[in-house]
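The structure under discussion appears below in the form of structure tokens.
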Amino acid sequence: MTINVTRSSLPAFEEYCEEIKELWDSRWLTNNGVKHKAFSAMLKAYLDTPCLTLFANGHLALENILEAMKLPEGGEVITTPFTFASTTHAIVRSGLKPVFCDINDRDYTIDVTQLESLITPETAAILPVHVYGNLCDTDAIASIARRHGLKVIYDAAHAFGVRRGGVSAACFGDASMFSFHATKVFHTVEGGAVCYADSRLEQPLNDIKNFGIHGPEDVLYVGGNAKMNELQAAMGICNLRHIDDEIKKRGEADRRYRERLAGVRGIKLCEPQPGVQPNYAYFPVVFDGYRFARDEVAELLKKHDIAARKYFYPLTNSFACYSGTEGFEPNSTPVAADIAQKMLTLPLFADLSIQTVDRICDIILK
Ligand SMILES: *Cc1c(COP(=O)(O)O)cnc(C)c1O
């Protein structure tokens, strides 16, 4: 049987049926119905955030918050290329200009020692990524942003449920985007949310995600359609009931991987971050080439029907769609370029058995 890099968790079939039953009576399927309202309230409490807006997916959540913040047209947004396509595309599709900062080689988040040197009069915002659920150096980023009067929007797609010193990942910066895609730790099949501190963003976000419609005869924005529907919200309500168990089970697989792979020459694991309560979203491994080349390991696992993922490869600043675009140059971010060649994320999901983890480790270590 093929072992995929991830496997979506689902509630019991009956639990979901029970949750969506009343929708068959009410026939209210989208546009801020009862499930949407209930899910939104549950999430606010779980993520400890004063303001939260739900979306059809994480990507549109990111595009919509960039629009709602009214950043200056063509402004520069400092970000990293070691991320999913969505982060960079959201900036470009919003009419803004990504400026790529390198990552650090400990947790693969933005290198805060280089961040300030990239700020120009055109800089409008900083958009760092909590890669693999590793939290960025949020204190350093906050003080740089404050000094220069910049907005900070986190791509927190990987960081659902992560806390540092008890503080939720939803509480850093001006806004944080979460993805509830089927492959994430917590999901609504497709879905996403933005959490933010300034309640004045709530009205524009609600309007922009619904064609800019503010009232029946009042259209205030050139909005699109990015609403979460009732069936998605119902899935979220069910999955949120089981999230602690989900994270705990992932943690058990994570622990086994570490027991087997820590300290092996040629293999570098992400160190747990001090004071951080993790969500075990991914199990990233750097193969430095001493004994194992990343691509060889990936091929070997594939022969055994085990799918590992080169996540993230290629870097977003080397995508074909950006070739020839000024500033898109993987050599400008050498650490990211190096790690992209060496990184492999191993299978990790709640019902991954310890036996399977052992089998994967046996194949790698042999
Ligand atoms: C999944 C993901 C997104 C996009 O989220 P969707 O819900 O799939 O639209 C954005 N950024 C990162 C880093 C992601 O992993």
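Everything numeric here is computed off the predicted structure, so don't read it as measured data.
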If you take the centroid of each ring, where Trp contributes its six-membered ring, are H181 and F186 closer together than 6.0 Å? no
Between F283 and Y132, does the ring centre distance come in under 6.0 Å? no
Is there a donor-acceptor contact under 3.5 Å from the side chain of [X] to the main chain of [Y]?
X: Q232; Y: E190; result: yes
X: S40; Y: K37; result: no
X: H187; Y: S9; result: yes
X: N4; Y: T6; result: no
X: T87; Y: T83; result: no

Nearest atoms (heavy-atom pairs only) where F84 meets T316: O-CG2, 4.0 Å
I'd like to check F172 versus V152 (side-chain heavy atoms, cut-off strictly below 4.5 Å). Are they in contact? no
Report the C-alpha separation of D207 and N210 in whole Å, then their side-chain angles, then the decisive distance to 0.1 Å, and conclude whether the side-chain hydrogen bond (donor to acceptor under 3.5 Å, both in side chains) test is met. CA-CA 5 Å; D207 293 351; N210 187 31; over 6 Å; no
Is any NZ, NE, NH1 or NH2 atom of the basic residue among R294 and D288 found under 4.0 Å from an Asp or Glu carboxylate oxygen of the other? no
Test: D48 and R163 ion pair at under 4.0 Å: yes
Could you tell me the separation between the CG atom of D155 and the OG atom of S86, rounded to the nearest 0.5 Å? 6.0 Å
With respect to E246, which candidate in K248, R250, K249 satisfies the side chain to side chain donor-acceptor pair (under 3.5 Å) definition? R250
Honestly, is K209 close enough over F55, meaning NZ or CZ under 6.0 Å from the six-membered ring centre and within 45° of the axis? yes
